[in-house]
Student: 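Take this structure, written in structure tokens, and hold onto it; I'll ask about it next.
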Amino acid sequence: MKAFKKVTMISIVAVILALTGCDNQDDSHVDFKQLPGHIGFKNERGEYIWANIGLTKAAGTNVIGKMDTDASISWHETGEKYIGYLKKTIDSGRQQEFVEVAPVDGKPVIYLSVINPTKDSNDKITGVAVNVVKITPDMLQKLNQTMHDLDN
């Protein structure tokens with residue numbers, strides 16, 4: 001885990017590229033905004049400085065320069081909770097994970113948010129990288145099976 005202690009934008013993007021099968025130099029044409037899921041970067045004040053298409057679509061607006069409490073963002077009513085996540089991540093200086101249930105089309109959906117501090121070349125925290133993943137019933141079943149297998 002010590003290898004993951006210092007997380008930068010470059011390392012997060014490299015991990016995402018590896019997970020999506022685009023981890024070699026021949027794939028340098030990859031459009032980062034097209035990466036799956038809800039991925040974004042925020043400055044230390046909580047303003048979005050970058051977002052992929054999935055995050056932008058979920059927000060219902062261009063989030064650049066906005067905070068989660070901005071009235072134009074679809075989840076603005078729970079925005080203070082997300083600002084709290086940002087503060088907890090910055091204060092700890094370590095990756096944080098948050099699981100929550102949110103209604104989508106009237107049905108409860110489980111989301112896993114993984115938030116990592118981003119640092120400049122002087123090791124000063126400059127903001128956070130956010131990756132939000134929808135946990136599907138199939139994923140949950142696989143996780144449960146894996147946990148069961150580990151216990152036996």
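Keep in mind that this is a model prediction, so the values were computed, not measured. Residue numbers start at 1 and run along the sequence shown. Values below: all heavy atoms of this structure, side chains included; hydrogens, waters and symmetry mates excluded.
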Student: Would you compute the distance between atom CE of M67 and atom NE2 of H76 and round it to the nearest 0.5 angstrom?
Tutor: 14.0 Å
Student: Any link between L140 and V133 through a network of hydrophobic side chains (Ile, Leu, Val, Met, Phe, Trp, Tyr) touching at under 4.5 Å?
Tutor: yes
Student: Hydrophobic cluster membership, with links at side-chain heavy-atom distances under 4.5 Å among I/L/V/M/F/W/Y: are V109 and Y85 in one?
Tutor: yes
Student: Within the structure provided, determine whether F98 and K81 are in side-chain contact (heavy-atom separation under 4.5 Å).
Tutor: no
Student: Only one of N116, D91, I90, T89 forms a side chain to side chain contact (heavy atoms under 4.5 Å, CB included) with Q96, so which one is it?
Tutor: T89
Student: For the residue pair V99 and I110, establish whether any side-chain heavy-atom pair is separated by less than 4.5 Å.
Tutor: yes
Student: Looking only at non-hydrogen atoms, find the nearest pair between N62 and K66 and report the distance.
Tutor: O-NZ, 3.1 Å
Student: After noting the C-alpha distance and the side-chain angles of I115 and L86, does the key distance pass the side chain to side chain contact (heavy atoms under 4.5 Å, CB included) rule?
Tutor: CA-CA 8 Å; I115 306 173; L86 171 126; 5.9 Å; no
Student: So does G37 get a backbone contact from the side chain of N52, meaning a donor-acceptor N/O pair under 3.5 Å?
Tutor: yes
Student: To check you understand the geometry: which heavy-atom pair defines the closest contact between F41 and A129, and what is its length?
Tutor: CE2-CB, 3.3 Å
Student: Provide the closest heavy-atom pair for T61 versus S72 in the form atom of the first, atom of the second, distance.
Tutor: CG2-O, 3.4 Å
Student: Do other residues, nucleotides or ligands put more than 12 heavy atoms under 6.0 Å from E100 CD?
Tutor: yes
Student: A51 and V63: which non-hydrogen atoms are nearest, and at how many Å?
Tutor: CB-CG2, 3.6 Å
Student: Please examine the side chains of V132 and S113, heavy atoms only from C-beta on, and report whether any two atoms are closer than 4.5 Å.
Tutor: yes
Student: Measuring from N144:CG to Q141:CD, what's the distance to the nearest 0.5 Å?
Tutor: 8.0 Å
Student: Enter the distance from E44:CD to T118:OG1 here, rounded to the nearest 0.5 Å.
Tutor: 8.5 Å
Student: Taking all atoms of both residues into account, what is the closest heavy-atom pair of V130 and K42, and its distance?
Tutor: CG2-CE, 4.2 Å
Student: How about CG on D105, more than 12 heavy atoms from neighbouring residues, nucleotides or ligands closer than 6.0 Å, or not?
Tutor: no
Student: Considering all heavy atoms of both residues, which atom of G40 and which atom of L55 are nearest to each other, and what is their separation?
Tutor: CA-CD2, 4.0 Å
Student: Quiz question: by atom type and distance under 3.5 Å, do the side chains of T136 and D138 form a donor-acceptor pair?
Tutor: no
Student: For Y48, which of D70, D68, T56 qualifies under side chain to side chain donor-acceptor pair (under 3.5 Å)?
Tutor: D68
Student: Quick one: do I73 and Y111 end up in the same hydrophobic cluster if we chain Ile, Leu, Val, Met, Phe, Trp and Tyr together by side-chain heavy atoms under 4.5 Å apart?
Tutor: yes
Student: Under a 4.5 Å side-chain heavy-atom rule over Ile, Leu, Val, Met, Phe, Trp and Tyr, are V114 and I39 clustered together?
Tutor: no
Student: Distance check, rounded to the nearest 0.5 Å: R94 atom CZ versus I125 atom CD1?
Tutor: 10.5 Å
Student: Would you compute the distance between atom CD1 of I135 and atom CG of L112 and round it to the nearest 0.5 angstrom?
Tutor: 5.0 Å
Student: Without swapping roles, check the side chain of T69 against the backbone of E80 for a donor-acceptor pair under 3.5 Å.
Tutor: no
Student: Closer than 3.5 angstrom, by distance alone: can the side chain of N122 be matched with the main-chain N or O of K124 as a donor-acceptor pair?
Tutor: no
